[in-house]
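Worth knowing before you read on, the calculation uses all heavy atoms, side chains too, and leaves out hydrogens, waters and symmetry mates. Throughout, numbering of the chain's residues begins at 1 and tracks the sequence. Just follow the structure's listing: the first ligand is 1, and inside any ligand the first atom is 1.
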Amino acid sequence: MGFRDDFVWGAATASYQVEGAAYEDGKGLNIWDVFCKEPGRVYNGDTGDVACDQYHRYKEDVAIMKKLGIKAYRFSVSWARIMPGGTGEINPKGIAYYKNLIHEMVENGIEPYMTLFHWDYPYELYKRGGWMNPDSVQWFADYARVIAENFSDEVKHFFTMNEPQCFIGLGYRTAEHAPGVHAPIRDTFEMAVNVLKAHGAAVKALRQYGAKDIKIGYAPTGTMCYPASDKPEDIEAARKLLFACPDNPEEWTWNVSFWSDPVILGKLPDDLVEKYGRYLPEITKEDLELMHQPLDFYGQNIYNGFEVRAGKDGKPERVDRYTGFPKTAIQWPVTPECLYWGPKFLYERYKLPVYITENGLSCHDWVSVDGKVHDPNRIDFLQTYLRQLKKASEDGVDIRGYFEWSLMDNFEWAKGYFDRFGIVFVDYNTQERIIKDSGYWYAKVIEENGENL
Ligand code: FCB
C-alpha cells in the first residue's frame, strides 16, 4: 500500500515564469510583459523577458527531467505566443515551439500535462475589456480549439486554468499582480463568472475538437484547513471552514467552493449567495450548465493550511500559529497536514480523482563552495508533506499524481527572481542549471514510488 503503481510523479512550471523569448518569433504581448515594465510593480524591476530561457533550452530541461526520472511535466502555454492578438490569427512559430517541446518530452518518456492558461493573458484582449467582456468566454473557447487541434495527438492531459483565485484576486483587486487593477468588487464577480463560463466553454471545445482519449481537469488553489485534533467536531469544523466563503469582501476570491462548486457540482455555494448576492451578476440556468462540464479529475494546488477547531458555540475557529512557527523563505507557513486533509475533504465533496498540481517551497538557496546546492529544508518539507499525501492515499483518497513546484527556479511573479522554488537551481547570469540535493532526493522517491518516505 502507499501510492498507486501508476502514480504520476511530476514537476511543474508555467510559461511566463520560465520561457523568456518575450519578443521573439511573433509572440504577442501579454499582461505580464506590460506589468513588469512599470517601475515598482515587481521586485528589483525583474521581468520574464528572459526568465530561464526555456524557449531555447527546452531540450536541456527535458534531459534534466529524464535524468531525475520525472514522469510528467506540467507546463502552460503562452496564449499570446500562439495567438498574438488572443483571438483570430495563429502564429505558426508559436505552435511549432510547443510541438517541439511536447515531442521532446514524449520521446524521452515524459508525459505532458498542459495548462491552457496560467495568468499570461493576451494584452490585446485585455485592451478589449479582458474578462469583463462577455466575449471573453468565446475567446477562451476559440483558443482551446486551437490547442485541441494542434496538440491533442500527443498531449492527453489538460488543465483549463491555473488558480482563478489569484488571477482575479491579485490581478484585479489587490493589484499585486498583472494587470495591476484595483477594480470594484462587483466587477471582480462579473469577471469571475465569465472565467467560470470560459472554463466550461473550453472543456467543451477540447472535447469537440480534440482527440477522443484526452482527459481534462482544472487547477484552482486554496488554503486548506486541517483539524486541531481527531475529535469529530474539530474535523467537521475544518471541513466547514475549508468550503466556507470568507466574510470579508476584500478576501472573497480566497475560497474553494465558489470556484469549484459550479464547475463540479453545477451550483453556487449558498453562503456565497447570502454574503455576496448583491454583487453577483445574473447567472442563468444555462450559465451554470456551461460551467458544469464533466471533468476527468480534480487538480488542486496546495501549499499550506490553517489549523481549525470547533469553537465554544460550535462554529469553526482558526487556531493561532504558535510563536516561532516554521515558515519558508517566501514566509508561507509549513503545515504538512494540509496534504492529508486537503485532498481528503476535496475528494469527499467532489468525488473526482485528485492530482496535486502544485506543492513546494522557496528556500534561500545558493551554490556552495563544493559547487553543489544543498537544500535540506526543501527535502524535509517535501518529505513531511508527501508522507501526509501517502497517508491520504492509504486511507482511500483517489490520488493519481503530484507535481512538485517547481522543476526549476523561475520568475516568481511580483517577487521576481528573489524566491527560489526549484529542485533545480538556475544561475540567471549564465543560465546554468544545477540539480539541487532535493532534486536527487526526489529522483529516489520517484524510483521507489514513495515506499521509503
Ligand atoms: C502558485 C502559482 C505558481 C507559483 C507558485 C509558487 O500560486 O500558481 O505559478 O508562483 O504559486
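Between N162 and ligand 1, at least one pair of N/O atoms sits closer than 3.5 Å. For the pair W413 and ligand 1, the shortest N or O to N or O distance falls below 3.5 Å. Geometrically, ligand 1 and W405 share no nitrogen or oxygen pair separated by less than 3.5 Å.
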message: If you apply the rule ring-ring contact (aromatic ring centres under 6.0 Å, His included), what do you find for Y340 with Y226, and how did you get there?
response: CA-CA 8 Å; Y340 175 80; Y226 55 90; over 10 Å; no
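Of all protein heavy atoms, the one lying nearest to atom 5 (C) of ligand 1 is Y303 OH, 3.3 Å. Scanning all protein heavy atoms for the shortest distance to atom 1 (C) of ligand 1 gives E358 OE1, 3.1 Å.
For S393 and R4, the side-chain atoms include no donor-acceptor pair closer than 3.5 Å. Checking Y402 against N359 by side-chain atom types alone, a donor-acceptor pair falls below 3.5 Å. Judged by distance alone, the side chains of Q431 and D53 never bring a donor and an acceptor atom under 3.5 Å apart. For the residue pair Y350 and D261, a side-chain donor N or O sits within less than 3.5 Å of a side-chain acceptor on the partner. Inspection of the N150 and Y98 side chains reveals no N or O donor paired with an N or O acceptor under 3.5 Å.
Aromatic rings from F3 and W9 are positioned such that their centres are separated by under 6.0 Å.
Close contacts between ligand 1 and Q17 involve ligand atoms 3 (C), 4 (C), 9 (O), 10 (O) [criterion: under 4.0 Å to a heavy atom]. Under a 4.0 Å criterion applied to the non-hydrogen atoms of H118, ligand 1 contributes the atoms 2 (C), 3 (C), 8 (O), 9 (O). Remark: ligand 1 atoms within the under-4.0 Å shell around heavy atoms of F421 are 6 (C).
Selection from H177, E412, E163 by nearest heavy atom to atom 7 (O) of ligand 1 gives E163.
The proximity of T221 to ligand 1, defined as any non-hydrogen pair under 4.0 Å, does not occur for either the backbone or the side chain.
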